[in-house]
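In each ligand, atom 1 is the first atom listed, and ligand 1 is the first ligand listed. What you see below is based on every heavy atom in this structure, not just the backbone, and it leaves out hydrogens, waters and symmetry mates.
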Amino acid sequence: MSESNKYSLIIVGAGITGLSTAIAYAKNVDVFKNPVLLLEQNSIVGGMVTSFRRKGFLFDTAQIISDPIDLFNYFGINISLKKFQGYYVRIFLVKNGNTKEYRIPCGLDNFRESLVQEFPGEVKAINKFFSYSASMFDELKYLKLEPTIPDLIRILIKCPKTVINSKKTFKEYLKKFGFKDGRLEEIFDVFASFSGMPAGRAIAMMTVGAMNTSLIGSYCPEKGFIRLPLVLKKRSEELGCKVQTNTKVKKILVKNNKATGVMLDDGKILEANNVVTTADTKVAMKELVGLDIMKQVDKKYAEKANEVRMSSSAFIISLGLNSDVNLKEMGFDCGYNVITTEGDTFENFFKEFDRGEYKLDENEFHCAVICPSLTTGGKPVLIIRVVPMPMKNWKILRETDYSEYEIQKQKVADFYIDKVEKYLIPGLSNYIVYTNIATPATFERYIGTPTGSNYDMAPYPDNFGLKRLKTRTPIKGLFQPKFSHGIWPSMQAGLQVVDMLTNGKIMNGYSRYRGEKGT
Ligand SMILES: Cc1cc2nc3c(=O)[nH]c(=O)nc-3n(C[C@H](O)[C@H](O)[C@H](O)COP(=O)(O)OP(=O)(O)OC[C@H]3O[C@@H](n4cnc5c(N)ncnc54)[C@H](O)[C@@H]3O)c2cc1C
């Protein structure tokens, strides 16, 4: 087969979406007769989900996998996971130099009860919020990705809450419940931030989904996040898919409005009946396909591809610490810690981001702090993640003035290390023995996304759901399942696209996996 270079399916990119697509395809199509090729530009699969080792320290990029068990079972993979117990997120609200800590316990009921105890005057609103949100989340299983008119009518009947809230941001959605204490909104904000957006911007539907899936169960691979893509790769190969790393796709080839294959960086042409791209959406449509070609096929889709808003990038400080620090004793054995000043801090950061700027302000800061070594068991490490971070001049500095790039990186890192030291880990700087700093330019270089975007298309209400750039492109045989607001959604996206390719074999057109017999 490889001699003729003709494939049934070529997948561009071996991140979580690409690997999930390959496995789902191989489970539903005879890939020995209809071969699949997965092409990855990097030397290792996983894309944004990875781990890296430096000076004996093991660092992860990701922190939490929400509710993956059904999907792992479907894929037929086995991976040793730690399930976070007790609490999985801590929020440290800083006001006038003092810190108030909130713990988000695992389990929906536990979370609801903890809020009832903390805010006894808000019991009615809290209960209403949880029951309404659970019912809205349940409705998602009735949504179809490409609804027909009868489907739309059924959705109107079966999914009233989803329909009513389909244009609302999470902040607008919260108003419905009449919370009086603004701190509640700050706590709920953490679920919007799972997709790198504040509550006033992220669509309610997605945030409610993130809240429910992560509260049902939050997990972390015991041997580092890289285990997940490696296990997915192994499984896809067992099922007969071919995975080729160090192979960059230069062009997606189109003839008579139909995808015919890809051209590699070295000029080699590989033919395929179908192409699934999991590269940055804009890059895929504008550069790999070419906006002119897309315009000839469908002007509106081309315009949308050009205008679609990408999510923000991040600034990540990975710290290797000496063994004098006891992170477990300080409560770091959880998925995520957030330090934020009160009020509209996260939204204000996004206003700066809209202007292409970031600020280092002693009175307004926001970052996440994660400790993967308490799961992997390695030497102590701490990761400080700052979102949003614009590309600004990071890429230019990196390419033209590396020493200035290092100076600027260190300046931002020092600012945040200072905040973590002040509000979370006294004496932190004394423990640091190794520092690695990633900027949006790092993501640009590693993933090939010019904005350094971490979650592809941003989940604004007018950029999401039926409004997002559709998975089935107007070019026959070309698909782009970039629902990449996390690992769980990326795995779902792989199933969704194969469902399209196999006329509903996995989910019968529904957008969410409903179990082997749940179609
Ligand atoms: C720092 C960070 C932390 C995160 N933490 C979490 C978390 O805790 N939990 C969670 O659920 N989600 C998290 N996410 C989000 C999650 O990682 C992503 O949503 C998900 O991994 C997206 O997967 P993907 O396969 O769609 O995209 P990607 O991971 O971007 O994969 C695309 C792949 O395509 C390859 N590629 C691109 N162009 C080409 C080309 N021309 N030729 C060949 N290959 C190409 C890239 O190299 C890449 O490997 C995090 C993201 C980041 C950046």
I'd like to know if the side chain of Arg90 pairs up with that of Asn337 as donor and acceptor (distance under 3.5 Å, no hydrogens or angles considered). yes

of all protein heavy atoms, closest to atom 38 (N) of ligand 1 is Ala279 CB, 3.4 Å

Residues Thr439 and Tyr405: side-chain donor-acceptor under 3.5 angstrom: yes

Residue part near ligand 1, for Lys250, under 4.0 Å between non-hydrogen atoms: neither

What atoms of ligand 1 come closer than 4.0 angstrom to any heavy atom of Asn42? 47 (O)

Which of the atoms in ligand 1, numbered in the order shown and given with their element, are less than 4.0 Å from a heavy-atom of Thr17? 23 (O), 24 (P), 25 (O), 26 (O)

Could you tell me the residue and atom name of the protein heavy atom closest to atom 8 (O) of ligand 1, and the distance to it rounded to 0.1 Å? Gln63 N, 2.7 Å

For ligand 1, which atoms, with element, lie under 4.0 Å from some heavy atom of Gly13? 33 (C), 34 (O), 35 (C), 44 (N)

Under 3.5 Å side-chain donor-acceptor pair for Thr449 and Asp280: yes

If you measure every N or O of Lys248 against every N or O of ligand 1, does any of those distances drop under 3.5 Å? no

Under the criterion side-chain contact (heavy atoms from CB on, under 4.5 Å), which of Leu319, Ile384, Ile317 is the partner of Val420? Ile384

When the ring centroid of Phe353 is compared with that of Phe349, is the distance short of 6.0 Å? no

Have a look at Val387, Thr442, Ile64, Asn454 and point out the one with the heavy atom closest to atom 7 (C) of ligand 1. Ile64

Protein heavy-atom partner closest to atom 35 (C) of ligand 1 - residue, atom, separation in Å: Glu40 OE1, 3.3 Å

Determine, considering heavy atoms only, which of Ser490, Pro481, Pro489 sits nearest to atom 22 (C) of ligand 1. Ser490

Donor-acceptor pair between Lys82 and Thr375 side chains, under 3.5 angstrom: yes

Atom 11 (O) of ligand 1 [closest protein heavy-atom partner, distance rounded to 0.1 Å]: Ile487 N, 2.7 Å

Atom indices of ligand 1 within 4.0 angstrom of Gly15 heavy atoms, with elements: 25 (O), 31 (O), 33 (C)

Of Trp488, Tyr74, Phe72, which is the lone residue that meets ring pair (Phe, Tyr, Trp, His ring centres under 6.0 Å) with Tyr513? Tyr74

Would you say the side-chain atoms of Thr473 and Tyr301 include a donor-acceptor pair closer than 3.5 Å? no

N or O contact, Ile16 vs ligand 1, cut-off under 3.5 Å: yes

Inspect the surroundings of NZ in Lys258 and state if more than 12 heavy atoms from other residues, nucleotides or ligands are less than 6.0 Å away. yes

I need the full list of side-chain hydrogen bond (donor to acceptor under 3.5 Å, both in side chains) pairs touching residues 44-68, with sequence neighbours left out, sorted by first then second residue. Ser51-Asp60

In terms of atom number and element, which parts of ligand 1 are under 4.0 angstrom from non-hydrogen atoms of Val49? 17 (O), 21 (O)

Ring-plane angle category for Tyr173 and Phe170, please: parallel below 30°, perpendicular beyond 60°, tilted otherwise. parallel

Just to confirm my output: which protein heavy-atom neighbour is closest to atom 32 (C) of ligand 1, and how far is it? Thr278 O, 3.5 Å

Residue and atom name of the nearest protein heavy atom (relative to atom 50 (C) of ligand 1), distance in Å to one decimal: Tyr455 OH, 4.1 Å

Name the orientation class of the two ring planes belonging to His485 and Tyr455 (parallel below 30°, tilted from 30 to 60°, perpendicular beyond 60°). parallel

What do you reckon, does Met48 have a nitrogen or oxygen under 3.5 Å from a nitrogen or oxygen of ligand 1? yes

What part of Thr247 sits under 4.0 Å from ligand 1 if we count only heavy atoms: the side chain, the backbone, both or neither? backbone

Mark up the atoms of ligand 1 that fall under 4.0 Å of a heavy atom belonging to Tyr446, in ascending order. 47 (O)

Closest non-hydrogen protein atom to atom 4 (C) of ligand 1, residue and atom name please, with distance? Arg385 NH1, 3.7 Å

Pairs touching residues 216-227 that satisfy side-chain hydrogen bond (donor to acceptor under 3.5 Å, both in side chains), sequence neighbours left out: none

Counting non-hydrogen protein atoms only, what is the nearest one to atom 27 (O) of ligand 1? Give residue, atom name and distance. Lys482 NZ, 3.0 Å

For Tyr102 and Phe92, I'd like to know if the aromatic rings sit close, meaning centre-to-centre distance below 6.0 Å. no

Atoms of ligand 1 less than 4.0 Å from Thr61 heavy atoms? 1 (C), 2 (C), 3 (C)

Should Val249 be counted as touching ligand 1, given the test is an N or O pair under 3.5 Å? yes

N or O pair under 3.5 Å between Trp488 and ligand 1: no

So, Ser311 and Asn454: side-chain donor and acceptor under 3.5 Å apart, yes or no? no

Check: Gly486 N/O within less than 3.5 Å of ligand 1 N/O: yes

Min heavy-atom dist Tyr336 to ligand 1 below 4.0 Å: no

Pick out which of Phe57, Tyr434, Phe59 makes a ring pair (Phe, Tyr, Trp, His ring centres under 6.0 Å) with Phe52. Phe59

Within a distance under 4.0 Å of any heavy atom of Ile316, pick out the atoms of ligand 1 and give their elements. 1 (C)

Which label fits Phe415 and Phe365: parallel for a plane angle under 30°, tilted from 30 to 60°, or perpendicular past 60°? perpendicular

For ligand 1, which part of Ile447 has a heavy atom less than 4.0 Å away: the side chain, the backbone, both, or neither? both

Is ligand 1 under 4.0 Å from a heavy atom in the side chain of Leu39, in the backbone, in both, or in neither? backbone

